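Shown next, in structure tokens, is the structure this report addresses.
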Amino acid sequence: MNQHLRPEPVPFIDIGAQRLRLGQAIDDAVGRVLTHCQFINGPEVTQLEAALAAFSGARHVVTCASGTDALVMVLMAKGVGRGDAVFCPSFTFCATGEAVALAGATPVFVDVDEATFNMEVNSLKRGIATARRLGLKPKAVMPVDLFGQSADHDAIAAIAEAEGLFILDDAAQAFGASYKGRRLGTFGLATATSFFPAKPLGCYGDGGAIFTDDAQLAETLRSIRVHGQGSDKYDNVRLGLTGRLDTIQAAVLLEKLRIFDDEIAARNKVAERYARSLGNIVTVPRVTEGNTSIWACYTIRLPKGTDRAAFAASLQAQGVPSAIYYVKSVHMQTAYAGYPVADGGLPVCEALSSDVISLPVHAYLDEPTQERVIKAVRDALT
Ligand SMILES: *Cc1c(COP(=O)(O)O)cnc(C)c1O
């Protein structure tokens, strides 16, 4: 094919377009930090925590250095460690299980629901029994709100309550989404999110936050993020981390939060168009009645027998990128092969890994570009 006739490649996520829109506002926000020089614990950090609390409805927000730290810090604060079992879906980014292992506890992987890609409650129940059989102490459930859609929080809460487990929601991909009219950040004991640049609300580096209504937990988390510091600066009362969010990142996030609702609406428009135009040829993602998704990923399932590599190559030839989240569920990856899975295995996680593929989705994908993506998918399948 003649290189010059190739269409411009479509960006998978377009951080540059958002940067253009924010323009001088971001430069000014960063400039203010460069002027006051409080690079750690500057006023923007406190402002951001208040803004995130207002946005989510959570009483306390503790910002931190990454989404992974957000998960680890809650497990540390709750004293989760050796001999404890924490239940995680396996069809997720590795950090979900990694945080449990870093805390010294055992991740027990459970299966997901075929329609929503989120934790499946019967497998969760089996996983709890598996953990007991292995002599582990069931301690916590970590649902993931995968690809931007809330997990089934009511069903998970009912099991957690019956079993005496606390819930740490991994909303790294879904901050901004809601479940039965309430925004994520208010389900379970605590919610963790990530501000990695590619997440729906991303900063210009690494960052994360923890949301909770528990004042005691929030206080412990504030200590953990500064090496476990106590009221006496020279007497650290527990183990902690260098777990803080930089002031510059907080300043960036404050500007991005102002346009976040508008971006959420734009992402939903893209997802609606994809669903209308592709729903008859591939399995498009389904949002459960009463939920909203923030569309961190637009993940379709290809019809049985489709050669996924050839499909991706066909898209690529038309300048349309794609990605496979996740080629391997966490329990199938080398570092996690030694951890238990729920009795009955994880057949849905394994089936999804073989036929999912994610299409470009972001708030700046204009209609002609959406049509290009749609046409590329149709062409690749016919
Ligand atoms: C991105 C992500 C994390 C980790 O966030 P980082 O900020 O990259 O540490 C955790 N869980 C899930 C589901 C994620 O997608």
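Source: prediction; values computed, not measured. Along the sequence shown, residues carry numbers from 1.
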Could you tabulate the donor-acceptor pairs under 3.5 Å formed by side-chain atoms of residues 148-160, not counting sequence neighbours?
from: Q149; atom 1: OE1; to: T288; atom 2: N; distance (Å): 2.8
from: Q149; atom 1: OE1; to: T288; atom 2: OG1; distance (Å): 3.4
from: Q149; atom 1: OE1; to: N291; atom 2: ND2; distance (Å): 3.2
from: Q149; atom 1: NE2; to: R286; atom 2: O; distance (Å): 3.0
from: S150; atom 1: OG; to: S178; atom 2: O; distance (Å): 3.1
from: D152; atom 1: OD1; to: Y179; atom 2: OH; distance (Å): 2.8
from: H153; atom 1: NE2; to: D145; atom 2: OD1; distance (Å): 2.8
from: D154; atom 1: OD2; to: K180; atom 2: NZ; distance (Å): 2.7

**Asked** salt bridge (Lys or Arg N to Asp or Glu O under 4.0 Å): which pairs involve residues 103-117, sequence neighbours left out?
**Response** E114-R301
**Item:** salt bridge (Lys or Arg N to Asp or Glu O under 4.0 Å) contacts touching residues 128-137 (sequence neighbours left out)
**Value:**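 Listed once each, the pairs are R132-E163, R133-D343.
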**Request:** Evaluate the side-chain proximity of V100 to Y339: yes if any heavy-atom separation is below 4.5 Å, no if none is.
**Result:**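 Y339 does not reach V100 side chain to side chain.
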**Request:** Could you check if a side-chain atom of R225 sits within less than 4.5 angstrom of a side-chain atom of L245, using non-hydrogen atoms only?
**Result:**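 Side-chain contact under 4.5 Å: no.
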**Message:** Assess the residue pair D84 and K78 against the criterion (salt bridge (charged side-chain N to carboxylate O under 4.0 Å, His left out)); give the C-alpha distance rounded to whole Å, side-chain angles, the decisive distance to 0.1 Å, and a yes or no.
**Reply:** CA-CA 11 Å; D84 293 334; K78 294 299 288 177; over 6 Å; no
Partner set under side chain to side chain contact (heavy atoms under 4.5 Å, CB included) for [X], not counting sequence neighbours:
X    : result
R59  : D213
P200 : F260, R267, I294, A296
S90  : F109, S329, V330, H331, L346, C349
R276 : E272, R273

For [X], check salt bridge (charged side-chain N to carboxylate O under 4.0 Å, His left out) against everything at least two apart and list the hits.
X    : result
D27  : R19
E98  : none
D246 : none
K199 : none

**Prompt:** Going through the checks in order, is the side-chain contact (heavy atoms from CB on, under 4.5 Å) test met by F311 and V377?
**Reply:** CA-CA 8 Å; F311 175 85; V377 171; 3.9 Å; yes
**Asked** Distance only, no hydrogens: is a donor on one side chain within 3.5 Å (strictly under) of an acceptor on the other, for Q216 and D214?
**Response** no
**Prompt:** Applying ring pair (Phe, Tyr, Trp, His ring centres under 6.0 Å), which residue pairs with at least one partner in residues 279-306 are found, sequence neighbours left out?
**Reply:** Y274-Y298, W295-Y298
